[in-house]
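Working notes for the structure below.
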Protein chains: 2
Amino acid sequence: MLRQTITIKDIARELNISVSTVSRALRDAFDVSLETKQMVLEKAKELNYKPNYNARGLSQGKTNNIGVIIPFITNYYFSTVITGIQKIAYEYNYNIVLYLTNDAEERECQIMNNLILSGLDGILISTCASNYDHIHKIMDKGVPVVFFDRTNSLNASKVKQDDYNGAFEATSHLISQGFTKIAHITGPKDQMFTQNRLNGYLNALEHHNLPVRKKWIIHNGFSQECGAQDLQKLMAKSKKPEAIFAVNDRKAIGAMVELKQQNIQIGKDFGVVGFTNDPICTLITPTLTTVSESAFEIGSIACELLLKHIQKENLIPKEVILPGELIIRESSMRSSTVVKKADLP
Amino acid sequence: MLRQTITIKDIARELNISVSTVSRALRDAFDVSLETKQMVLEKAKELNYKPNYNARGLSQGKTNNIGVIIPFITNYYFSTVITGIQKIAYEYNYNIVLYLTNDAEERECQIMNNLILSGLDGILISTCASNYDHIHKIMDKGVPVVFFDRTNSLNASKVKQDDYNGAFEATSHLISQGFTKIAHITGPKDQMFTQNRLNGYLNALEHHNLPVRKKWIIHNGFSQECGAQDLQKLMAKSKKPEAIFAVNDRKAIGAMVELKQQNIQIGKDFGVVGFTNDPICTLITPTLTTVSESAFEIGSIACELLLKHIQKENLIPKEVILPGELIIRESSMRSSTVVKKADLP
DNA sequence: TTGTAGGCGTTATCAT
DNA sequence: ATGATAACGCCTACAA
């Protein structure tokens with residue numbers, strides 16, 4: 001079975017009209033008669049005609065493909081963002097070309113330099129890079145880029161959660177629960193969102209007149225394992241904290257696993273707050289207090305913004321910051337010995 | 001800043017040679033002199049030339065894009081499969097175009113009928129459909145399709161986990177723990193993988209001379225909520241089961257949440273086994289016994305297979321079945337009252 | 001309203 | 001080893 005493609009030429013020949021007329025009819029142009037249009041559409045369906053996007057792209061200079069570049073996809077946040085992106089992209093008939101950087105700057109550069117780029121109308125990116133040359137190059141070529149989650153100082157549209165205030169609230173909440181010795185376990189220093197959450201943490205301490213101990217701020221990777229490591233480091237110190245605010249739920253959970261290992265009562269003796277509101281927060285015991293991120297909305301808004309940039313050459317960059325919400329659960333409640341009905345007298 | 005693209009013409013002009021020579025040099029063809037080749041490559045780098053994949057695709061009839069069609073991406077299994085696909089695709093310089101069907105057959109058809117398809121060299125799909133006309137159409141056009149996870153009876157390459165044996169082992173394990181009244185909560189009837197897991201369950205019962213109670217087999221959706229619903233239904237029956245084998249971890253977890261609500265001791269009084277080995281299995285209390293799926297390998301193998309089909313027109317379809325592994329944890333252990341050191345006298 | 005012709009960037013088929 | 005030239009499928013002035 002050979003891949004015999006039906007083109008507008010076939011339709012034109014069968015109908016004894018010219019290709020341009022067929023093209024017009026297919027694109028629902030204004031200057032075609034209703035009858036010919038219907039004739040063409042019928043014939044197209046009959047022959048099971050599919051447009052060749054390569055050809056269309058070549059002649060129009062666009063592809064209806066947008067690139068999405070993210071570190072990973074195996075976590076709640078990014079997979080939900082993608083779902084949000086997909087919804088909008090699908091509505092507007094755009095396809096998503098997915099790239100995973102594995103959180104490696106080099107890989108991200110490779111992807112952006114060597115590959116495609118001619119095949120993409122625009123790019124949505126959560127960058128893991130500290131140097132932005134590769135991104136600059138693309139933007140200079142006139143390819144619209146919208147950043148989300150992990151943003152930076154470049155002059156482009158950005159969509160993200162409110163990292164600073166989320167962190168501020170999270171930390172303040174721990175303080176309101178009577179925890180004063182609060183550590184922060186976070187990611188690499190050169191990420192802006194990491195920096196913002198750190199600032200939120202620091203300012204919350206300051207605001208409540210609590211001292212900052214630099215030794216209680218641990219920079220490490222973003223994974224659950226890193227969270228566990230961080231907690232070990234903290235508890236090995238001479239001055240131990242009695243609560244932590246983690247940069248994300250993964251690390252918070254790693255810390256919780258380690259705390260359980262060390263037989264420390266989470267909630268009562270040690271407060272834990274994460275960031276993201278991964279569904280796992282409600283499944284782990286004790287349930288994890290966190291700051292929710294509107295991942296789906298971040299994806300859909302970022303995509304809408306990108307499509308606008310694609311449509312309008314010199315749209316002024318816009319920065320959208322979505323508020324988070326502190327969701328209080330057991331892991332941060334001093335009084336949270338869960339009382340089950342069955343345990344009541 | 002206009003999108004001024006550098007083409008091979010520019011290189012040709014600057015070097016005072018013909019475009020065909022440039023093209024040859026760029027493609028590392030055999031009939032170019034070493035010097036011109038190097039000259040061209042240097043100039044290309046200097047001008048920051050990027051090939052136009054649309055044009056290349058148009059003239060070669062290929063795009064280096066493969067489509068990946070899945071129901072969701074917000075779960076461990078699919079996001080891990082994608083990661084596996086990505087690894088291989090990246091190695092071979094293929095791009096991934098992602099489509100989410102949201103588990104809606106209609107949407108899947110729309111995607112395959114209306115959209116692209118001319119823009120894809122091949123397709124990897126985990127179909128949610130019960131009717132395969134839309135897939136047939138594509139395959140008839142000569143576009144290679146490889147199925148994974150959710151397969152079917154079509155004559156094409158397939159890669160999947162060993163659903164039958166996994167289910168058989170899972171059920172047998174529950175029986176070996178002394179559970180005899182075992183229910184099965186599963187998905188819609190018309191999925192083949194669902195059917196296979198059901199058969200594994202049934203044959204395990206039969207093999208151990210246990211009766212089959214049809215009322216203990218619940219068909220419903222795949223979500224956590226559905227799992228909770230299913231358990232409610234089961235416990236509302238006059239004859240209640242004392243263990244369940246769930247078609248996936250999500251449903252198992254939904255059931256566990258509901259069991260906790262009803263104050264039923266999981267493990268000791270009620271056995272639960274899932275399927276997938278989502279990382280959440282080790283985080284929930286009690287930890288969840290499950291059958292591991294090699295999601296990453298399924299992705300990478302499926303992608304390799306697809307690339308072979310793309311390369312070789314009439315490659316004979318191949319079916320790869322990856323074995324799972326029963327991972328025994330607390331949720332299925334009758335004797336698994338977790339004894340913490342702190343609780344010891 | 002329709003048809004003609006040239007072009008998008010690249011590759012492939014001829015010559016030279 | 002290199003150069004001209006015609007595709008690839010579609011779009012779009014321009015002409016009719």
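Letters go in sequence order (proteins before strands), and every chain restarts at 1. All values derive from a computational prediction rather than experimental measurement.
Counting heavy atoms from C-beta outward, B/Asn52 and A/Leu58 have side chains that approach closer than 4.5 Å.
Scanning residues 12-40 of chain A for heavy-atom distances under 4.0 Å to DNA chain D yields A/Ser20, A/Ser23, A/Arg27.
No more than 12 heavy atoms of other residues, nucleotides or ligands lie within 6.0 Å of CD in A/Glu106, so this atom counts as exposed by the packing criterion. Counting non-hydrogen atoms of neighbouring residues, nucleotides and ligands closer than 6.0 angstrom, the OH atom of A/Tyr92 reaches no more than 12 such neighbours.
For the helix from C/dT1-D/dA16 to C/dT16-D/dA1, the terminal axes (five pairs an end, C1' atoms, rotation from four pairs onto the next four) enclose an angle of 40°, given to 10 degrees.
A/Asp149 and A/Gln161 share a donor-acceptor pair across their side chains, judged by distance under 3.5 Å alone. In this structure, a donor-acceptor pair under 3.5 Å is present between the side chains of A/Lys62 and A/Asn64. A donor atom on one side chain and an acceptor atom on the other are found under 3.5 Å apart for B/Ser33 and B/Thr36. Remark: the B/Tyr53 side chain and the A/Asn54 side chain contain no N/O donor-acceptor pair separated by less than 3.5 Å.
A salt bridge links A/Arg13 and A/Asp10; the closest N-O separation between the charged side-chain nitrogens and carboxylate oxygens is under 4.0 Å.
The footprint of chain B on DNA chain D, defined by a heavy-atom cutoff below 4.0 Å, extends from D/dA1 to D/dG9. Along DNA chain C, read 5' to 3', the first and last nucleotides having any atom under 4.0 Å from a heavy atom of chain A are C/dT1 to C/dG9.
The side-chain hydrogen bond (donor to acceptor under 3.5 Å, both in side chains) search around A/Arg56 returns none, not counting sequence neighbours.
For the pairing with A/Thr127, the side chain to side chain donor-acceptor pair (under 3.5 Å) check across A/His134, A/Arg150, A/Glu108, A/Gln191 returns one residue only, A/Glu108.
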Please list every donor-acceptor pair under 3.5 Å in which a side-chain atom of residues 298-311 of chain A meets a protein atom from a residue at least two apart or in another chain.
{"from": "A/Ser300", "atom 1": "OG", "to": "A/Phe296", "atom 2": "O", "distance (Å)": "3.3"}
{"from": "A/Ser300", "atom 1": "OG", "to": "A/Glu297", "atom 2": "O", "distance (Å)": "3.2"}
{"from": "A/His309", "atom 1": "NE2", "to": "A/Ser157", "atom 2": "OG", "distance (Å)": "2.7"}

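Residues A/Phe78 and A/Phe222 keep their aromatic ring centres 6.0 Å or farther apart.
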